[in-house]
Amino acid sequence: MRVDVITCVPFLLESPLQHSILQRAQEKGIVTIAIHDLRDFTNDKHRQVDDYPFGGGPGMLLKIEPIVNCLRHLQKERTYEEIIYLTPEGETFNQKIANYLSGCQNIILLCGHYKGVDQRVRDHFITRELSIGDYVLSGGELAAMVVIDAVIRLLPGVLGDETSALLDSHQDYLLEPPMYTRPAVFENLKVPEILLSGNFAQIDAWRDEQAWLKTQARRPDLVTKFEGISPTDAS
Ligand code: ADE
């Protein structure tokens, strides 16, 4: 898979890509993540990529010209299934969208900054708008990182144990059961007996029940979704 990210603050994206799972995924050649600095695509002699909105009002907007120059440059090399603009006005990102994006070959993520981008970019060049939640960030960069992380960890070979992404909270609309590790007793705090029993059928049944109870207590909206899907939808 290839992910191209367009931003006017490339440094914001550097560190998270250089560690842990995202770093390993790139080293293994499973994903290529390329960051593009919008300032490299402007004809402005001061390399300015933003300007005041027509009609007045506070804040600056990213200009159409460098964005379209960058998109055309990338599209000359390959075809993209999605050109995504990160904005709090977009569709809320979730596991289902992450699953779908992990099946794409090439995607572009465009990060807004300041007051966002010229509307003509959104109307004519963007295929999809995504939000990571109902709050406003200073720019789309952190949101792009959230999307990248959620998508890349789903690619085959990225996680050590291939099944572990399937057991994640939200993958089947249920939260994860409580998990414990050694020691079995810390001060007077004990791990549930069942987990030490070696009876894996009973452990699975206990975990299913705990996942169910936790989801009912914390996210009853997800229980409704889980009940509404068939076992094949959940896999
Ligand atoms: N840019 C600013 N806030 C955002 C959000 N909540 N989601 C995606 N992009 C954003």
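Keep in mind the model is a prediction, meaning the values are calculated, not measured. In this chain, numbering begins with 1 at the start of the sequence shown. Numbering of ligands and ligand atoms starts at 1, following listing order.
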Would you mind listing each N/O atom of ligand 1 next to any protein N/O under 3.5 Å, plus the distance?
{"residue": "ligand 1", "atom": "3 (N)", "partner": "L137", "partner atom": "N", "Å": "2.9"}
{"residue": "ligand 1", "atom": "6 (N)", "partner": "G133", "partner atom": "O", "Å": "3.1"}
{"residue": "ligand 1", "atom": "6 (N)", "partner": "Y135", "partner atom": "O", "Å": "2.8"}
{"residue": "ligand 1", "atom": "7 (N)", "partner": "I132", "partner atom": "N", "Å": "3.0"}
{"residue": "ligand 1", "atom": "9 (N)", "partner": "T87", "partner atom": "N", "Å": "3.2"}

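- Considering only residues two or more places apart in sequence or on other chains, A205 meets the side chain to side chain contact (heavy atoms under 4.5 Å, CB included) condition with none of them.
- The ring pair (Phe, Tyr, Trp, His ring centres under 6.0 Å) check on F125 picks up nothing, with sequence neighbours excluded.
- Taking E89 as the reference, T87, R122 meet the side chain to side chain contact (heavy atoms under 4.5 Å, CB included) condition, with sequence neighbours excluded.
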Exercise for the section: Begin with the C-alpha distance, continue with both residues' side-chain angles, and end with the deciding distance and a verdict on side chain to side chain donor-acceptor pair (under 3.5 Å) for E82 and Y100. Expected result: CA-CA 11 Å; E82 296 283 3; Y100 157 71; 2.7 Å; yes
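- With salt bridges taken as basic N to acidic carboxylate O contacts below 4.0 Å, one links R47 and D40.
- H36 and H73 have perpendicular rings, their planes meeting at more than 60° on a 0 to 90° scale where under 30° would count as parallel.
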